[in-house]
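All figures in this text were calculated on a predicted structure; none of them were measured in a lab. We name chains A, B, ... by the order of the sequence lines, and we start the count at 1 in each one.
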Amino acid sequence: SQQGEEDPQALSIQEGENATMNCSYKTSINNLQWYRQNSGRGLVHLILIRSNEREKHSGRLRVTLDTSKKSSSLLITASRAADTASYFCATDLRGANSKLTFGKGITLSVRP
Amino acid sequence: KAGVTQTPRYLIKTRGQQVTLSCSPISGHRSVSWYQQTPGQGLQFLFEYFSETQRNKGNFPGRFSGRQFSNSRSEMNVSTLELGDSALYLCASSLLAGPYNEQFFGPGTRLTVL
């Protein structure tokens, strides 16, 4: 079963706009990670945020984590056509047999 | 540093056959995890190996097995292939065991079962 559920499932924006993607999860976590996947290829790690952190930045990426709402958001500012990809959140469940559990992903299309 | 490599990149098999996929982690990484990705089920964890020992296993039938060698290279084997095994198989390596660290993914092996 999916622990992380991303929202929306698909997002289409114009180059230069910001893209916001959300991830909700069901049980307590140790950390949450965001990954990007370009069409049918391997995943690329974007950012890891620990359960005791609320916000993290990396270049044009900003991730927030709200453990009380069991949700995270990934913001990509000033999007580029090269940001077109699928984005996944992955959670590491607290107390469970530790492994990463991925959501089904968000397909982001950035129109030039 | 070279990235994670997976061989072969593409594979076509028929039902009932078996297949072995290979993964070479980034130099120095001792943990290798395997995932299956399908349009219907998404990314699902298969197993993780660390220092030649299976550390964790997902909810897959016994037809799926793996191993890790002393040089950290890993193989996964699927026996008695079924149509539903068609998927992109991804391996990921990390420096340490467990999901607490960044995982570096290979490009995947796309398996088609006819």
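Checking B:R63, B:R15, B:R110, B:K13 one by one against B:D85, the salt bridge (charged side-chain N to carboxylate O under 4.0 Å, His left out) holds for a single residue, B:R63.
For A:E55 and A:R62, the salt-bridge test passes: some basic side-chain N is under 4.0 Å from an acidic carboxylate O. Between A:R60 and A:D83, at least one side-chain nitrogen of the basic residue sits less than 4.0 Å from a carboxylate oxygen of the acidic one, meeting the salt-bridge criterion.
Comparing B:Q37, B:R9, B:Q6 by how many heavy-atom pairs each has under 4.5 Å with chain A, the most go to B:Q37.
For chain B, the nearby part of A:L48 is the side chain; its heavy atoms alone come within less than 4.5 Å. Heavy atoms closer than 4.5 Å to chain A are found in the side chain of B:Y35, but not in its backbone.
Two residues are said to be in side-chain contact when any heavy atoms from C-beta on lie closer than 4.5 Å; B:L21 and B:E75 fail this criterion.
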